[in-house]
K.L.:
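Structure in structure tokens, see below.
Below, chain A is the first sequence line, B the second, and so on; all start at residue 1.
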Amino acid sequence: MTSKINAKTDKIITYFALKLNYGACITLCLMMLITTCDVIMRFFRHPVPGAYELVGFFGSLTVAFALAATSLGRGHIAVEYLVSKFPERLHNIIERLNCFICSLIFGVITWQTFLYSFGLKASNEVSMTLQVPLYPFSIGIALGCAMVSVVMLFQSLNLAHYGLSGE
Amino acid sequence: MSFTFVGIIGILALFILIFLRMPVGFAMLLTGVAGFAAIVSPSAAFSMMVTDLVDVFGSYSLTVIPLFILMGQVAFHAGISTRLFSVAYKWIGHLPGGMAIAAIGACAGFSAICGSTNATAATMAAVTLPEMKKYKYSDTLATGVIAAGGSLGILIPPSVIFIVYGVITEQSIGELFMAGIIPGIILTFLFSFVVAMWSILRPMDAPRGEKQTLKTKISSLTGVLETIVLFLMVMGGLFGGLFTPTEAAGVGAFGTTVLALIRRNIGFKGLLDAFTETTRISCMILTIVAGATVLGHFLAITQIPFQIAGWVGGLDFPSWVIISIIILIYMIGGCFIDALALIMLTVPIFYPVVTSLGFNPVWFGVVIVLVTQIGVITPPVGVNVYVVRSVAKDVRLETIFKGVVPLLFAIIAATALLIVFPSIALFLPEFMAK
């Protein structure tokens, strides 16, 4: 029964993390296309307006949307050397504790980034060139961080094991 | 409690977290926020953390990283690495250790379109190891060559490490890229020399390949055309002042994708794999950069980096002794901590020391890259060795580590040459500036 619940949770978490990562792929593709268009159009004296801004915005979404999938696939750099020498039980406890602390950190980041975004919205902050509102992009970052927090929480409960590596 | 004391506690806590396997980026973020909160206030710390994250993730100058990684990933999935190796093999495969030297040449060629050491090692291991096995090369030589050759990925431009170093020290990424070219070529030759010597001394480790006709050799050259075109387009535009680094990377990624699609070397699945792998690697790198930025703000208010810089700068030692100590620290540190994480942790501390001693910052960047190349192939962390092992599953880790030992001397020799003759790195940037 427990293993069935585990498998289901694992599947759901992996599904959402992967979908968000596809979003990161789309924003990455947009970065590439905007940059190339800007360079080509510059030769015809018609650069893409606000290309730098757009590339920066999409860059932030690329990283934020990839955070959960990277965490789920254990893609972040960590020093295994010492912990791998510990007995398995202690190793697991440390892993879970790490995941729980990281989940808390990203919970706080999510909360603070939402507050920051509401501040940007309230003060009508817009970008310099295109004059587009800035808050949707920081909300995108907050969503990415929220997803990491959930992934890490489930990893600390040992429910989301190695979603991506096992796909 | 003095700020310095809080700073020291913070650094200790950081190392404990890192060695307890917390992801390096997250550990730096946590330490930075906690330390800043202890000295200033929790609300100021949270505000600093969010601003840093939003700034780093959305930084235009850092968007160069995902775009260059994408270029390398598309190149790999399109089989450019295979063609590079095939050309190199046809030209020098019949020489002593020819196939291994061809693998080093292919690593150098692939490094010209890929900025990461692990990606280069993984790519070239997948391409060249089965061939070397077929020709009965010893596992020690074959795997050692790929692990060491893959490290060229961060020396020959584009290079993720140069980009990150350039961003944190505010040095021109274009100049750093240029400074890496000649040391990269020298190191390629040194690696080849070591392999040739090895093959002459132990011919059973590297049986000679078949000699190819001149016609075959010449017709094979089409296999390097796309790499040359892409390198010239990207680096030419960058060095010629036509592009910013981000634009060069964007155009490079686009050009590689279009070339691969036109030549039907990549399908939808290959492209999707290239994109997903790029987002994963970029996220990993930029999380470390964001964590290091938050940590940097904490360390700045503790004044520790400036105190260390002042103390070291005031030591009554010749500057070459101090630089040698710094290099030794990088060599030892590189054995335990990933190259990127080590650079993010230490450059803010050592950079002011190095510049106050009058060393050229671009030269120092190249030296650091060379030294971290040692770190990526030495135990216990040696990322490239693990990457090669993940491809060569039947080869023991010890065998690969044994194989990289002779090639380590090549990197040490290149580093020594660079220290004695800084113009090896500085000649090209200075020449281009004229």
K.L.:
Within residues 82-94 of chain A, which positions have a heavy-atom distance to chain B below 4.5 Å?
P.N.:
A:Leu82, A:Val83, A:Phe86, A:Ile94
K.L.:
Heavy-atom distance under 4.5 Å between the side chains of B:Phe57 and A:Leu67, does that happen here?
P.N.:
yes
K.L.:
Looking at side-chain heavy atoms only, is the closest gap between B:Leu67 and A:Met31 below 4.5 Å?
P.N.:
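Side-chain contact under 4.5 Å: yes.
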K.L.:
Sort by residue number and list every residue of residues 27-38 of chain B having at least one heavy atom under 4.5 Å from chain A.
P.N.:
B:Leu29, B:Leu30
K.L.:
Can you find a pair of side-chain heavy atoms, one from B:Thr276 and one from A:Cys25, that are under 4.5 Å apart?
P.N.:
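In contact.
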K.L.:
Using non-hydrogen atoms and a limit below 4.5 Å, what part of residues 99-127 of chain A faces chain B?
P.N.:
A:Ile101, A:Cys102, A:Ile105, A:Phe106, A:Val108, A:Ile109, A:Trp111, A:Gln112, A:Thr113, A:Tyr116
K.L.:
Pick whichever of B:Tyr60, B:Phe19, B:Phe46, B:Phe243 has the most heavy-atom pairs under 4.5 Å with chain A.
P.N.:
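Looking at each option in turn, the highest pair count goes to B:Tyr60.
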K.L.:
Which one of A:Thr35, A:Leu61, A:Ile77 has the most heavy-atom pairs closer than 4.5 Å to chain B?
P.N.:
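Most heavy-atom pairs under 4.5 Å with chain B: A:Ile77.
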K.L.:
Taking the side chain from A:Asn98 and the backbone from B:Leu20, do they hold a donor-acceptor pair closer than 3.5 Å?
P.N.:
yes
K.L.:
Applying side chain to side chain contact (heavy atoms under 4.5 Å, CB included), can you list everything that pairs with B:Asp52, at least two apart in sequence or on another chain?
P.N.:
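Residues passing side chain to side chain contact (heavy atoms under 4.5 Å, CB included) with B:Asp52: B:Met48, B:Thr293, B:Val294, B:His297.
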K.L.:
Any side-chain heavy-atom pair from A:Cys37 and B:Phe254 closer than 4.5 angstrom?
P.N.:
no
K.L.:
Is the number of heavy atoms from other residues, nucleotides or ligands under 6.0 Å of A:Phe16 CZ greater than 12?
P.N.:
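Check fails, neighbour count at 12 or below.
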K.L.:
With a 4.5 Å cut-off on heavy-atom pairs, point out which of A:Ile34, A:Val55, A:Leu28 contacts chain B the most.
P.N.:
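Sorted descending by pairs with chain B, the first entry is A:Leu28.
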